[in-house]
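Beneath this line is the structure, given in structure tokens, with notes to follow.
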Amino acid sequence: MNEPLRPLHRVLMVSDFFYPNFGGVENHIFYLAQCLMQRGHKVVVATHAYGRRSGVRYMTNGLKVYYIPWLPFYLQTSFPTLFGTFPIFRTIMLRERITIVHGHQAFSTLCHEAIMHARTMGYKTVFTDHSLCGFADVGSIHMNKVLQYTLADVQQAICVSHTSKENTHLRSTLPPEKIFVIPNAVDTAMFQPDPSKRIKDKVVIVIISRLVYRKGADLLVEVIPEVCRLFPQVHFIIGGDGPKRVRLEEMREKYHLQDRVEMLGAVAHSDVRKCLVRGHIFLNSSLTEAFCIAIVEAACCGLLTVLPPEYIVLAEPIPSRMVVAVAQAIELLPNVDPFAMHNQMRTLYSWPDVAERTETVYTHAMNTENEDLLQRLERYYACGPWAGKLFCLVVIMDYIFWHFLQWWQPAAEMDVAPDFQPQEESGTVRAVNRS
């Protein structure tokens, strides 16, 4: 019996966070794009330029990446212009014959602007939220209002955990039925256990994280000396960089732990496994985390840290409680089988499964009804007594700008970009006509 034909999509993924920058969002976009391409979909990525990396580049399996010549101004996010990126996003969507736009990460300026322009042009949109955000501080209040504006007009949203779904719903007032939960995954073939790399008669605790406040770097300053005092056999490996690295260096000097605390600095994603297989325990001190890919990667390498319950030890973000949790983890180590843990992670967190579920979200989005400008304005107007009116004004201006661009550079005069697919035998890339 023949399987029903799946609708194939032409997806534009947009985020300020992509390679050569390294992080959870960057890995998520890359691996998701690769698996969607294996399922027959067309995927194009748009991000800002990284130094001299500007223009169009091709990555593994012919993944096309537009490095827009728009330099970041704060924490790798682009300067917000509202309408400045419209001409180039319109060109990309038309040349690549995009059918759906998928934005990633609430902190990405390009993501918000691309979704707004795509909806003005009538494209269906999907948004993935990768982080949790608060409600009390000034930055969170402004960020949540921007998120409310963007999600007021998306067809579907994706969150990486149920906690993230609840957080996104509360921040944006997006109906829960529009939010899908699809967890992150890990390339289990890349993260294989290797107990032979571990130091005998030592317990090595690995920490790989950005050394910033939100990742709990300040907690480590108090936890590490106490653990070293209680357990002479414990050594620490710390990978990552950030503003809190200075405090960790000072802690190491103060307590004379240079021979027991190894500071690696920034670690490329290709070298993460080399660090993980040297350890027994992975310590994650994040204060907030929607879904930490690093935890799953560590579990795949056989480090004690992650779900299911027999592979995790939880603690409140209090130094004394974290020290107790580390002690419990050390006691559990003899009962942990690294290869059994790897096999279990391989079945639980799979990128092909994530791609298949994301494909379902795309199909749901494409099946939603088309809306005119008045219907869109009605939703924006409901975003607040003052913000609603401002949002409506921005959307109307974007709509007028779109018609100007149509007059200035008609879509019929644009060349269609050829699709490229790698040839399986030679590994080269060839042009194909996909209509």
Side-chain angles (χ1 to χ4, degrees), residues 7-50 53 55-68 70 72 76-78 85 88-119 121 123-131 150-151 154-160 180 182 184-185 293 351-352 354-366 417 419-420 434:
L8 296 181
H9 307 288
R10 304 179 68 87
V11 185
L12 174 63
M13 295 192 181
V14 185
S15 180
D16 280 301
F17 309 102
F18 194 64
Y19 296 150
N21 197 49
F22 290 98
V25 178
E26 293 85 346
N27 293 338
H28 182 102
I29 295 174
F30 178 78
Y31 284 112
L32 176 59
Q34 293 293 326
C35 290
L36 287 173
M37 290 166 59
Q38 290 177 4
R39 296 181 62 83
H41 303 283
K42 165 75 174 183
V43 182
V44 178
V45 177
T47 186
H48 63 70
Y50 280 88
R53 183 173 295 200
V56 179
R57 301 292 182 95
Y58 286 90
M59 301 184 70
T60 307
N61 295 324
L63 174 62
K64 192 174 186 178
V65 183
Y66 284 87
Y67 287 95
I68 301 171
W70 215 261
Q76 294 299 335
T77 58
S78 303
T85 55
I88 192 166
F89 275 128
R90 175 177 176 266
T91 301
I92 294 172
M93 294 175 199
L94 293 175
R95 280 178 51 82
E96 301 292 345
R97 293 167 289 163
I98 297 299
T99 58
I100 190 165
V101 175
H102 187 173
H104 290 263
Q105 187 62 306
F107 303 109
S108 170
T109 305
L110 285 182
C111 164
H112 293 289
E113 294 187 1
I115 288 177
M116 177 181 69
H117 303 323
R119 290 299 298 132
M121 297 176 65
Y123 290 98
K124 303 300 174 64
T125 58
V126 174
F127 172 80
T128 295
D129 200 355
H130 294 265
S131 301
T150 298
L151 298 193
V154 297
Q155 275 62 49
Q156 306 291 341
I158 299 173
C159 292
V160 295
F180 290 75
I182 303 177
N184 283 319
I293 295 181
W351 281 117
V354 171
E356 182 178 355
R357 295 164 71 176
T358 303
E359 180 185 292
T360 302
V361 177
Y362 291 162
T363 303
H364 275 274
M366 294 300 296
D419 294 336
F420 289 90
R434 295 176 59 181

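Values below: every heavy atom of this structure, side chains too, minus hydrogens, waters and symmetry copies. Note that the structure is predicted; figures quoted are calculated from it, not measured.
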Check: Ser78/Asp16 side-chain N/O donor and acceptor closer than 3.5 Å: yes
Can you find a pair of side-chain heavy atoms, one from Leu36 and one from Met13, that are under 4.5 Å apart? yes
Do Lys42 and Val11 have side chains that get closer than 4.5 Å, going by heavy atoms? no
Hey, mind stepping through His104 and Val14 against side chain to side chain contact (heavy atoms under 4.5 Å, CB included) and telling me if it holds? CA-CA 6 Å; His104 290 263; Val14 185; over 6 Å; no
Under 30°, 30 to 60°, or over 60°: which ring-plane class applies to Trp351 and His28, parallel, tilted or perpendicular? perpendicular
Hey, mind stepping through Asn184 and Val354 against side chain to side chain contact (heavy atoms under 4.5 Å, CB included) and telling me if it holds? CA-CA 7 Å; Asn184 283 319; Val354 171; over 6 Å; no
Looking only at heavy atoms, what is the nearest atom pair of Thr60 and Met37, with distance? O-CE, 4.5 Å
Looking only at heavy atoms, what is the nearest atom pair of Ala118 and Met93, with distance? CB-CE, 3.9 Å
Distance, nearest 0.5 Å, that separates OG1 of Thr85 from CE of Met116: 7.0 Å
Can you tell me how far the OH atom of Tyr19 sits from the CD1 atom of Ile29, to the nearest 0.5 Å? 9.5 Å
Determine the sole option in Thr358, Thr128, Thr125 for which the side chain to side chain donor-acceptor pair (under 3.5 Å) test with His102 is passed. Thr128
So does Glu96 get a backbone contact from the side chain of Arg10, meaning a donor-acceptor N/O pair under 3.5 Å? yes
Could you walk me through whether Gln156 and Met366 pass the side chain to side chain contact (heavy atoms under 4.5 Å, CB included) check? CA-CA 10 Å; Gln156 306 291 341; Met366 294 300 296; over 6 Å; no
Over 60° means perpendicular and under 30° means parallel, so classify the ring planes of Tyr67 and Tyr50, tilted if in between. perpendicular
Once you round to the nearest 0.5 Å, how far does CH2 of Trp70 lie from OG1 of Thr77? 13.5 Å
For the atom pair NZ (Lys64) and CE (Met59), what is the distance rounded to the nearest 0.5 Å? 15.0 Å
Would you give the length of the straight line joining atom CZ of Phe18 to atom CG of Asn27, rounded to the nearest 0.5 angstrom? 9.5 Å
Any side-chain donor paired with an acceptor under 3.5 Å for Gln34 and Asn61? yes
Flag the pair Gln155 / Arg119 as yes when at least one side-chain heavy-atom distance between them is below 4.5 Å, and no otherwise. yes
How close do Gly40 and Leu8 get, counting heavy atoms only, and between which atoms? O-CD1, 3.7 Å
Of the non-hydrogen atoms in Ala46 and Leu12, which two are nearest, and what is the gap between them? CB-CD1, 4.0 Å
To check you understand the geometry: which heavy-atom pair defines the closest contact between Ala355 and Leu32, and what is its length? CA-CD1, 3.8 Å
Here the gap from Cys35 atom SG to Phe30 atom CZ, rounded to the nearest 0.5 Å, amounts to 9.5 Å
Kindly state whether the ring of Phe180 and the ring of His364 have centres lying under 6.0 angstrom apart. yes
Kindly determine whether Gln76 and His48 satisfy side chain to side chain contact (heavy atoms under 4.5 Å, CB included), including the steps that lead there. CA-CA 9 Å; Gln76 294 299 335; His48 63 70; 3.5 Å; yes
At their closest point, which heavy atom of Thr47 faces which heavy atom of Phe17, and how far apart are they? OG1-N, 4.2 Å
